[in-house]
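Heavy atoms only: backbone and side chains are in, while hydrogens, waters and symmetry mates are out. Below, chain A is the first sequence line, B the second, and so on; all start at residue 1.
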2 protein chains.
Amino acid sequence: MAIGELFKALSDDNRRKILDLLKDGDLTSGEIANHFNMSKPGISQHLNILKNSELVFSHKKGQYVYYSLNTSVVQDIMKWAIQFKKDKGEE
Amino acid sequence: MAIGELFKALSDDNRRKILDLLKDGDLTSGEIANHFNMSKPGISQHLNILKNSELVFSHKKGQYVYYSLNTSVVQDIMKWAIQFKKDKGEE
DNA sequence: AATGTAATTAAGTATTTACTTAATTATTTA
DNA sequence: TAAATAATTAAGTAAATACTTAATTACATT
């Protein structure tokens, strides 16, 4: 997974809000859209970016598509951040 | 500090490379530029974005401007990431 | 099968981003 | 004080981004 893509996905306020919503449990595309003052296609596009960066999973159930958080990818960010606290080289 | 700005600053490959270089110690604007196949003004602009997001500090010494890493801001990212591992609400 | 609902894809657009070269500012040194 | 060096600011541009509305696809219901 490209850390750059991950940061890019996380740089958008609306996408981070989507992730926050999903912390409380899975939601359908439409339920997510209801929390925003934005068109449904707009939300779909954000969801696609989150899916591509593996920050969320999706599974279809009937005509609905449920989205869920993938917390394991958040670990990658942690790993990236941690190197700045550790790797002080040979001082 | 706006976490969105922070992620935006980190979403660029060249900016992350600058931070990696600074892990080994402070560098001048010109020394940083030497590691890139990019114009000096281009690097200056990246440094300005990193400074605005407080990921780096700068101090002038004579005609040189030294840049240094601000690891404390990386903490903010950790804090953001951690909530996804903890806050599982009332399950 | 026809109609309605959920979601996405397609196409177009205004804004933002990451560069470039040219010009300017600040500092050192001959 | 004039010339050289370090760095930034200014101005312009191609590409990327975040939206929009219209069209399409998939499934459910009558």
Next item on the list: Check whether any side-chain nitrogen or oxygen of A:His46 sits under 4.0 Å from OP1 or OP2 of D:dT17, and answer yes or no.
Entry: no
Note to self: Check the phosphate of D:dT17 against A:Lys8, side-chain N and O only, distance under 4.0 Å to OP1 or OP2. Yes or no?
What the structure shows: yes
Euclidean distance, atom [atom1] of residue [X] to atom [atom2] of [N] [Å, nearest integer]:
| X | N | atom1 | atom2 | answer |
| --- | --- | --- | --- | --- |
| B:Asn34 | D:dA7 | CG | C1' | 13 Å |
| A:Asp13 | C:dT16 | CG | C1' | 14 Å |
| B:Met38 | D:dA7 | CE | C1' | 16 Å |
| B:Phe36 | C:dT20 | CZ | C1' | 17 Å |

Notebook entry, point to check: On DNA chain D, nearest-nucleotide positions of A:Asn37 versus A:Gly62: which is more 5'?
Noted result: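 Upstream on the strand: A:Asn37.
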Report all interatomic pairs (protein N or O, nucleotide N or O of nucleotides 5-15 of chain C) with separations under 3.5 Å.
from  : atom 1 : to      : atom 2 : distance (Å)
C:dT5 : O2     : A:Gln63 : NE2    : 2.8
C:dA7 : OP1    : A:Ser29 : N      : 3.4
C:dA7 : OP1    : A:Val65 : N      : 3.4
C:dA7 : OP2    : A:Gly30 : N      : 2.7
C:dA7 : OP2    : A:Lys40 : NZ     : 3.4
C:dT8 : OP1    : A:Tyr67 : OH     : 2.4
C:dT8 : OP2    : A:Ser29 : OG     : 2.9
C:dT8 : OP2    : A:Ser44 : OG     : 2.3
C:dT8 : O5'    : A:Ser44 : OG     : 3.2

Residues which pass side-chain contact (heavy atoms from CB on, under 4.5 Å) with [X], listed by chain and number, not counting sequence neighbours:
| X | result |
| --- | --- |
| B:Asp12 | B:Asn14, B:Arg15, B:His46 |
| B:Ser68 | B:Asp26, B:Phe57 |
| A:Lys51 | A:Asn48, A:Val56, A:Ser58, A:Tyr67 |
| A:Asp13 | A:Arg16 |

Notebook entry, point to check: ring pair (Phe, Tyr, Trp, His ring centres under 6.0 Å) with A:Tyr66: which residues, sequence neighbours excluded?
Noted result: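 A:Tyr66: ring pair (Phe, Tyr, Trp, His ring centres under 6.0 Å) contacts with A:His59.
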Notebook entry, point to check: For B:Lys61, which contact category applies under a 4.0 Å heavy-atom criterion: base, sugar-phosphate, or nothing?
Noted result: nothing
Check: Going by an N to O cut-off under 4.0 Å, is there a salt bridge joining B:Lys17 and B:Asp20?
Finding: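 Salt bridge between B:Lys17 and B:Asp20, a charged N being under 4.0 Å from a carboxylate O: no.
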